[in-house]
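Comments concern the structure below.
All of these numbers come straight from a predicted model, not from anything done at the bench.
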Amino acid sequence: MNFLQLLLQINFNAAVILLLISGAATIFGNTLFFEDSSDLYGPLANNMRLMMFYLCLIQIAAYSFYKLSNSPEALAALGVFLLLLIGSLEFYCSINQIEIDENYRQLFIYSGLSHLLYGGCAAMRHQQN
């Protein structure tokens, strides 16, 4: 069980770092993680950049709250939020009639599941103690 806990923690920390780096790259227009779509980064560029900026702030706030108050439920809630964000992004793209890079979906699925699994397991462990 300790090995699984360690793997989940390493995976979670990797997901946090990946989300922050990819968010920063998107904010500054870097194509390191996502392709430079003229639709997405054309007239609607500030919308996506602002969303990624807020997502980075939410990630920092949830991680800080978890570390300061030892409340893993915040991480599980953020995981659910990230998974729901996939549907919101799909809706946003269909309304604005733009294509979205598949890497956004993969990032949100990976980060969402990592947060949900780590936060959920840590919350169950926390309740048992």
Side-chain angles (χ1 to χ4, degrees):
M1 189 66 172
N2 287 336
F3 181 69
L4 178 62
Q5 178 184 348
L6 179 64
L7 283 178
L8 286 175
Q9 186 174 8
I10 290 169
N11 183 57
F12 165 72
N13 287 324
V16 168
I17 291 168
L18 179 66
L19 187 64
L20 290 175
I21 290 173
S22 63
T26 300
I27 291 167
F28 296 115
N30 190 319
T31 59
L32 180 65
F33 290 97
F34 308 110
E35 71 181 49
D36 188 11
S37 168
S38 61
D39 287 341
L40 187 59
Y41 292 114
L44 303 174
N46 290 332
N47 294 346
M48 194 64 171
R49 288 184 178 134
L50 191 60
M51 181 196 79
M52 292 304 285
F53 175 72
Y54 285 139
L55 191 58
C56 288
L57 289 179
I58 290 168
Q59 176 63 66
I60 292 169
Y63 191 81
S64 299
F65 181 74
Y66 163 66
K67 286 297 186 183
L68 294 174
S69 68
N70 197 22
S71 178
E73 292 84 8
L75 301 178
L78 182 57
V80 171
F81 172 77
L82 290 170
L83 293 173
L84 291 174
L85 191 58
I86 298 167
S88 300
L89 194 56
E90 294 289 332
F91 179 72
Y92 174 83
C93 291
S94 68
I95 293 296
N96 292 299
Q97 299 175 346
I98 58 174
E99 291 292 321
I100 185 95
D101 188 351
E102 186 64 30
N103 291 335
Y104 280 106
R105 289 180 198 99
Q106 293 172 359
L107 173 70
F108 294 143
I109 288 172
Y110 170 65
S111 294
L113 290 176
S114 296
H115 283 68
L116 187 59
L117 286 172
Y118 179 71
C121 289
M124 286 190 287
R125 222 176 31 255
H126 190 259
Q127 287 179 348
Q128 290 175 353
N129 293 334

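- Among all heavy-atom pairs drawn from Cys56 and Gly23, the shortest one is SG-CA, 3.7 Å.
- To the nearest 0.5 Å, the span separating CE on Met52 from CG on Leu19 amounts to 6.0 Å.
- Remark: of the listed residues Leu55, Leu83, Leu84, Leu55 is the sole one forming a side-chain contact (heavy atoms from CB on, under 4.5 Å) with Phe108.
- How far OH of Tyr66 is from CZ of Phe12: 7.0 Å, rounded to the nearest 0.5 Å.
- Among residues two or more places apart in sequence or in another chain, the salt bridge (Lys or Arg N to Asp or Glu O under 4.0 Å) test is passed with Glu90 by Arg105.
- Under the 4.5 Å side-chain heavy-atom criterion for ILVMFWY residues, no single connected hydrophobic cluster contains both Tyr63 and Leu68.
- The minimum heavy-atom distance linking Ala76 with Gly120 is given by the pair CB-N, 3.9 Å.
- Linking Ile, Leu, Val, Met, Phe, Trp and Tyr residues whenever their side-chain heavy atoms come within less than 4.5 Å leaves Phe65 and Ile58 in two separate clusters.
- Summarising the geometry, atom OG belonging to Ser88 is positioned 11.0 Å from atom CG belonging to Leu82; distances are rounded to the nearest 0.5 Å.
- Between Ile10 atom CD1 and Tyr118 atom OH the span is 10.5 Å, to the nearest 0.5 Å.
- For Phe81, the ring-ring contact (aromatic ring centres under 6.0 Å, His included) criterion is met by no residue, not counting sequence neighbours.
- Across all their heavy atoms, Leu107 and Ser22 have their closest contact at CD2-OG, 3.3 Å.
- Taking CG of Leu18 as the reference point, atom CG of Asn13 lies at 12.5 Å (rounded to 0.5 Å).
- Nearest heavy-atom pair, Gly79 versus His115, reported as atom, atom and distance to 0.1 Å: CA-CB, 3.5 Å.
- Using a 4.5 Å heavy-atom cutoff, the side chains of Ile60 and Leu20 are in contact.
- Separation of atoms CD (Gln106) and OG (Ser111) is listed at 11.5 Å; rounding is to 0.5 Å.
- Legend: residues meeting side-chain contact (heavy atoms from CB on, under 4.5 Å) with Ser114, ordered by chain and number and at least two apart, are Asn11, Ala15, Tyr110.
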